[in-house]
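In what follows, a single structure is set out as structure tokens and then discussed.
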Amino acid sequence: MAWTYTLVLSALLAARCHAQQFPANFQFGAASAAYQVEGGWDADGKGESIWDRLVHTNKDAIAGGATGDIAADSYHLWREDVQMAAQLGLDFYRFSISWPRILPSGLANNISAAGVAYYNNLIDELLLHGIKPVVTMYHWDLPMKLQDLGGWTNPLISDWFESYAAVLYSLYADRVKTWITINEPIVVCDFNYNGGNYAPGIKEPVIAPYLCNKHLMIAHAKAYRLYEREYKHKYDGRISLANNALWIEPFKVPRDIELAELGMEHMIGRYAHPVFSKEGGWPEKIEKHMLELSLKQGYNSSRLPPFTEEEKKFVQGTADFFGFNYYTARQIRPAKAGENGTWFIDGSPELDAMLEVPPGATFGATDLIAILPRGLREMLQYLKKTYGDHEYLITENGYPGWKDMEDHVRIDFIRDHLEQLLIAIEEDNVTVSGYTYWSLLDNFEWVGGYGIRFGIYDVDFNDPKRTRTPRLSAKYYACVIDSNSYNVSLECTNSPSTAFSRTPTNGNVRNSFSVLVSVIMVALFFV
Ligand code: PNW
């Protein structure tokens with residue numbers, strides 16, 4: 001009897017160890033974005049971007065009057081960044097290309113040789129270390145010249161973006177096999193124009209978000225179709241966009257269930273449905289809601305511009321995987337008289353609703369991000385239910401910390417999110433191919449300046465050398481990657497972080513542990 005009991009216990013233990021392992025081909029990465037890390041804002045003929053303009057003309061817009069003029073100086077220190085990525089053992093490094101660094105005027109008439117060389121060097125150095133480059137084409141730094149012509153509210157943006165994409169493919173598609181067209185469309189269109197405090201610094205929440213939304217979908221699709229036509233057969237790469245949404249749940253059940261559904265359709269549906277759904281085009285509920293609302297407001301057509309049938313087909317299916325950035329969650333409820341929130345973060349004028357922080361959420365250095373790890377699993381369940389069985393890639397997830405924080409908090413953050421991810425994979429059967437930590441290194445956190453630190457490498461912004469130092473979470477993440485598990489040996493979470501080395505011991509330790517459990521099981525069986 002005793003041995004049966006021990007046998008069952010040992011088997012359960014072995015299964016549990018196994019359960020904390022990610023699938024064998026699971027990929028781990030880290031991310032950054034050009035304006036946030038590069039600096040060199042006008043180096044070697046780089047053109048001005050909307051973020052350059054915002055930080056130089058409106059000092060009050062950014063915490064501490066900070067700019068990205070130098071940032072982490074990755075324009076000069078890219079070799080160090082690759083060293084760090086290699087020290088972590090990353091499978092891939094996700095970075096973005098600065099549109100005005102390659103095309104100073106935004107258009108293809110003038111291709112900057114220095115800009116081209118910078119990304120060639122970075123890509124080659126990554127590949128030399130066995131790290132795959134994952135390239136974002138647009139992470140918010142639109143060439144100012146194109147903004148002067150209306151930016152994302154001008155339908156021509158889709159042609160401008162396509163010609164920029166054509167230049168990028170011709171330069172880098174031989175080595176870059178994973179492309180992300182646009183980072184967080186909802187921030188580009190809704191968050192920016194609703195709040196007016198991110199570049200381009202325009203507050204126009206009524207028409208602009210919806211024009212931008214439609215043009216952005218077409219721009220993305222044009223870049224996808226171009227690759228499909230001219231490069232896919234040669235290089236067999238993959239393209240998607242990196243969506244982001246708050247996980248929205250009802251504040252009161254059942255009162256707010258319908259509101260939460262509509263909230264999710266606004267939050268993610270307007271950017272995912274045209275690409276990933278079987279029907280294509282806008283989500284039906286949104287189309288209906290926006291038409292009714294617009295007519296009630298005295299417009300004679302919907303503020304949400306329609307797709308033609310041809311456009312619907314053109315956009316549909318333009319993704320080889322589902323890229324998703326997960327940060328935060330909210331609960332939705334009807335607004336009370338006089339309440340009016342900014343869409344995406346604290347409320348929705350369109351839904352006459354407010355967004356509240358869910359119970360149990362915690363905060364780091366910003367109140368924008370209410371941390372709720374279970375939201376990651378729930379989001380993936382929602383996406384799978386709504387859009388079906390795609391390959392999901394977590395393109396960002398990160399902890400907003402402080403300079404000298406106690407970094408076990410960040411380790412717990414990563415562990416808790418990876419745990420939810422693994423539950424989504426194993427229990428909900430969501431196909432998730434990888435996880436990307438935001439960010440490899442501290443950087444310019446947009447309007448938060450340098451006060452909010454997402455890096456697993458600390459950057460000393462007072463030091464002209466911009467010295468990079470691994471945080472304890474860097475050591476932990478290297479162990480996670482080595483062992484393919486979020487549950488690592490104690491030594492991985494102990495200080496000091498500075499001297500961690502990448503010997504692939506943890507994977508072996510874990511394997512030997514499983515072997516040991518099996519040996520005990522067999523031995524006990526014969527006793
Ligand atoms: C992402 N929110 O944006 C961006 O892709 C990064 O550039 C940025 O540095 C990172 O997250 C951290 O903020 C977000 O309000 C913007 O929840 C806003 C939110 C989340 C992510």
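As a basis for the values below, the full set of heavy atoms in this structure was taken, side chains included, without hydrogen atoms, waters or symmetry mates. As the structure lists them, so they are numbered: ligands from 1, and atoms in each ligand from 1. Here, residue 1 is the first one in the sequence, and each next residue gets the next number.
A cation-pi contact links R101 to Y75, judged by a cut-off of 6.0 Å to the six-membered ring centre and 45° from its axis.
Scanning the protein heavy atoms around atom 21 (C) of ligand 1, the nearest turns out to be Y327 CD1, 3.4 Å. Among all non-hydrogen protein atoms, the one lying nearest atom 4 (C) of ligand 1 is E396 OE1, 3.4 Å. At the shortest separation from atom 14 (C) of ligand 1 among protein heavy atoms lies E184 OE1, 3.3 Å.
Considering both main-chain and side-chain atoms, W140 never comes within under 3.5 Å of ligand 1 through any nitrogen or oxygen pair.
Against a heavy-atom cut-off of under 4.0 Å, H139 is close to the following atoms of ligand 1: 4 (C), 5 (O), 6 (C), 7 (O). Atoms of ligand 1 lying under 4.0 Å from at least one heavy atom of T328, given by number and element, are 17 (O). Close approach to E445 involves these atoms of ligand 1, each under 4.0 Å from a residue heavy atom: 8 (C), 9 (O), 12 (C), 13 (O).
Proximity of N443 to ligand 1, defined as any heavy-atom pair under 4.0 Å, is not found for any part of the residue. Of all the heavy atoms of I345, the ones lying under 4.0 Å from any atom of ligand 1 belong exclusively to the side chain.
Counting only residues at least two apart or in different chains, salt bridge (charged side-chain N to carboxylate O under 4.0 Å, His left out) contacts with residues 53-69 comprise E48-R53.
A 6.0 Å sphere centred on NZ of K403 holds more than 12 heavy atoms belonging to other residues, nucleotides or ligands.
Ring to ring, Y169 and Y227 are close: their centroids are under 6.0 angstrom apart. Aromatic rings from Y450 and F444 are positioned such that their centres are separated by under 6.0 Å.
Using 4.0 Å as the threshold, F344 has a heavy atom nearer than that to some atom of ligand 1.
Checking S74 against D81 by side-chain atom types alone, a donor-acceptor pair falls below 3.5 Å.
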Apply the test side chain to side chain donor-acceptor pair (under 3.5 Å) to residues E184 and Y327: give CA-CA distance (whole Å), side-chain angles for both, the deciding distance (0.1 Å), then the verdict. CA-CA 12 Å; E184 298 187 351; Y327 283 92; 5.3 Å; no

